[in-house]
Every structure is written in C-alpha cells, then in structure tokens.
Amino acid sequence: MSNNAQNRTQWLGRWGFVLAATGSAVGLGNIWKFPYITGEFGGGAFVLVYLACILAVGVPVMMTEIAFGRRGRGSPIDAIRRVAAESKASPVWSLLGWMAMLCGFMILSFYVVVAGWSFSYLWKMLSGGLAGSSVDEMAAIFGANNESPLNLGFWSTLVTVATMAIVGKGVQAGIEKSVSLMMPGMVVMLAVLIGYGVFSGGFGEAVRFLFSFDAGSLSSEGMLAALGHAFFTLSLASGAILTYGSYLPGRASIARTTLSVAVADTVVALMAGLAIFPVIFANGMSPGSGPGLIFMSLPLAFQAMPLGTLFGILFFVMLSMAALTSSISMVEATVSWLTDNKGISRRTASWGTGIVLWLISTLAMLSFNVGAEWTLAGKHFFGWLDYLTSRWMMPLGGLGMVLLAGFVLKSETFREELGLSPAWHALWLFMVRYVSPLGILMIFVDALGIAKVQFGVHWPWLLLVLAVITLIGELASPRLKRVLGA
C-alpha cells in the first residue's frame, strides 16, 4: 500500500463517519422525495417494504462499499484498484471506481440546481415571497423561480461555493466539523416541527397513514419504488460512501457503523414524514401530491398555520442543510482523487473542481429556462444527467461492486475487513452474491422499461429464480472467478 494510503486522514471517531455518511444519505431524497412517494404508494405498507429493502439490499451494499474504502484507503479508483490487486484480480475492475467518481460528480452537477431551490425558498419564506392562495398560484411561483437564469443561477452558484468552501477545509476541519453541527441541528428542527404537528389536529391521521399496514394498498410499482429508494437514499454506487469509508479508523466496526447510518437515515425519513403529513392532513391536502408536495403544497399549508412563517423558515433551513450535507459527500471522491494522484493541495483541488462543476451545473440550470428547448432524444441537459446516473451508472456500479466482492476477491479480504462471525459473514456473502444483485437487476429492468415485475403474481417465481441462481452460483463459483478476472 502506498504512503498516501497509509498516511490518509481519518475521522476523529466512528461518529464522525456516522454523521458524515448520514448527512450524505439524508438529503433531499429523505425530506423531499420519501414523504411524497410514501403518499403515492400507500403509506405504512410502503414504509414496511422500504425498511425490508434497506436491510436486504442497502445495508449489505453499503458494508461492501465501506470495506472497499477502508481496505484500499483511497478514492474509489485507487481503493478498488488496490483491493483488486491484493487478490490478483484484473485491473479493469478499477473502472468501477472511475464510474462511481464520475457518477457522483454528474449527480452533483444537477443536484446543486435542486439544492438551490431549497435556498431560494428559504429566502422567499424570510422575505414574504411565498404569498399564494392556491396550489396553482404556488406552482406559478415555483415556475417563475426557475424561469430566470440569473435567479436560479445565483442560488445554484451559492450552493457550489458553500460546498467547495467546506470541502476545501479538509476531512476533519471541514466535513466532519460541518456535519457535526448540521446533522444534530437538522434533527432538532425536525423534532420541533413534529412537536407542532402533535397539536395541529392532523398528527393522529399522519401516524396511522405512516405506520398502519394495509397490504392491499401497495402495488408492484410501489414495491419497486421502495426497493429503488432504499438503494439510492444511502448514496450507494456514487463514490461518496466508499470515499468516506477510506477515512474510517481501522478499529471501528463496519457492520455496527453501517447499521447506525441506515437506522439514522431511516429515522430521519420517518421524522420527515411525521413533520410533513400532520400539516398536510390538518389543512385537508392530499399526501400523494407528488414532487410538488414540499415546494407547492407545504408553503400553502404554512400560511394557514399559527406561527406558520416561523415553522416555514425552520423547515427550509433544515431542507437547505440536508441538501448541503449531501452535496459535500458527492464531490469528495473527485477531490480525494486529485489530492492523492495529482500532488495538489486540497484547497486547490476543491476550487478547481468547483469551477468545472459550476460550468456543468450552469448548463443543467439553463434546462429550466433559456435552454429548455435544447434537447436530445426528448431530454434536456438536466434530464440526461439524471437519466444516465440514476438509470444506468448507479445500478451498474452497485451490481459490479457486489459481484467483485462476492465472486472475485479472496474471501479473506472481506473476512478480515468486516470482522464478522462466521454465521454473519456467510449471511453477508449470500446477500451480496445473490439477494442484492437480484434486487439491483429488478430496479434496472423496471427503470429501463424492459419488463414489469408484478410481485403479487410473480413472487413465487422470483423465489425460484433466486434459489436457482444461488445453486448455479455456488456450483460455478471457481469458474466465475476465472471468468470475472480473478
């Protein structure tokens, strides 16, 4: 292992990693997307399936990424290359690292625009710019917010500058210190909003909606949405978790750390639901309002609440912090690779990356106004960034990662790094070899529209397919190792 890897900066403690990784996972996906897809797909039944998917797919894949990062002590490219070399596997596997790093950067290129919405809405809430009397008027405000390239460009630039300023300060002084303030602050604000919700008149209905199980309310589409969201909410296959894992001290338990992050991520998602749905129900709105729930329906609800402006400000402060903690994680892989391989300072790497990011994100921002007509195959630049990363790069990267760990690398590598008992290690290996790949393939197939999986009809066949794949995989494991480049 190189001197750079041996001397790599580490988190001050396990909780530094937990807060940073939770901050990466707890972004707009938890506070913006989770509530509205829960509303669309049946409430409590969706939540239960989502939790099962977190355990079956999210946790094993996250453990694998963290183990790669800590074992290789480098950016995704360097870490995967080193771990593959240790098992005498083909150096071609390092392409997974390149794809993960590029994926994270591409996601951030359009994510800063979405994060800019949060900051702009915080300003509107502070300045009284969210005065609308109907959902249509709120939709018009949202549209006007995006129509001005100067306005939207200002807020996305602000997110870019704030992100690079934090990352440029380093792992401990920048990232760890920032998330140690922002994450607890976010939880406190959520708790305050939940406290208000208890007395809003809609809390009981919100609890029943989130936690009552009605199997008939969940469609196959909802089950696949739960599986997909469980995979993507933990920032998997985008380089963030692997890079954060490379800073994890050797004494820290990867299994306990991963479970801590998964639990914290899930708790914050459920807290977001308990903060948002009471307001929605108390004001007679639909929980299935779709993506406009936060930017259109909620501001309208805040206006009808006592102290609504105060609680609206609290909410958008929290949303902005969630967006910022995620954006920090997405760029860290690129900055880490530049500092490790190009001999430049972290500050220079951060601001240099920031300039490139700003140029690309500007093209994404223009997709909502002057560049809305600049399309290729029906998609503008923002849409292509989203499509390529979520539909192709993340599923392929996650699939490659678990196949590499499950079939190619020496068994001792992850046995040593994970430090699990024989029974728990066998369970992890089974999950990364068969359950997680099957789950990722279902996300992939559904997202591309190749086929539609109907769980209510096809679940016996899915179990049979899993059993057959497991049998073939175990019988063919030595041959698979040779084919896959071990």
Distance-only, no hydrogens or angles: does the [X] side chain make a donor-acceptor pair with backbone N or O of [Y] under 3.5 Å?
X: W117; Y: F142; result: no
X: T389; Y: D386; result: yes
X: E65; Y: S235; result: no
X: R433; Y: L403; result: no
X: S329; Y: S24; result: no

Donor-acceptor pair between [X] and [Y] side chains, under 3.5 angstrom:
X: N145; Y: W155; result: no
X: S320; Y: S118; result: no
X: S336; Y: S75; result: no
X: Y244; Y: W11; result: no
X: S327; Y: T163; result: yes

Hits for side chain to side chain contact (heavy atoms under 4.5 Å, CB included) against L51, two or more places apart or cross-chain, chain-then-number order -> V47, T266

Rounded to the nearest 0.5 Å, what separation is found between the [atom1] atom of [X] and the [atom2] atom of [Y]?
X: I241; Y: S246; atom1: CD1; atom2: OG; result: 11.0 Å
X: R208; Y: E205; atom1: CZ; atom2: CD; result: 6.0 Å
X: E417; Y: L409; atom1: CD; atom2: CG; result: 11.5 Å

>> Ring-plane angle category for F281 and F209, please: parallel below 30°, perpendicular beyond 60°, tilted otherwise.
In response: perpendicular

Once the angle between the rings of Y121 and F295 is folded into 0 to 90°, is it parallel (under 30°), tilted (30 to 60°) or perpendicular (over 60°)?
-> perpendicular

### Query
Would you find more than 12 non-hydrogen atoms of other residues, nucleotides or ligands less than 6.0 Å from K124 atom NZ?
yes

#### Entry: Heavy atoms from other residues, nucleotides or ligands near CH2 of W384 exceed 12 (cutoff 6.0 Å)
yes

Next item on the list: Indicate, with yes or no, if the rings of F430 and Y434 have centres closer together than 6.0 Å.
Entry: yes

- Query: Given the side-chain rings of W98 and W337, with only the six-membered ring counted for Trp, is the space between their centroids under 6.0 Å?
  - Reply: yes

Tightest non-hydrogen contact, residues G406 and L429, listed as O-CD1, 3.9 Å

Closest non-hydrogen contact found for R70 with L248 is CD-O, 3.3 Å

Worksheet item: Quick one: are V279 and F311 in side-chain contact, heavy atoms under 4.5 Å?
Response: no

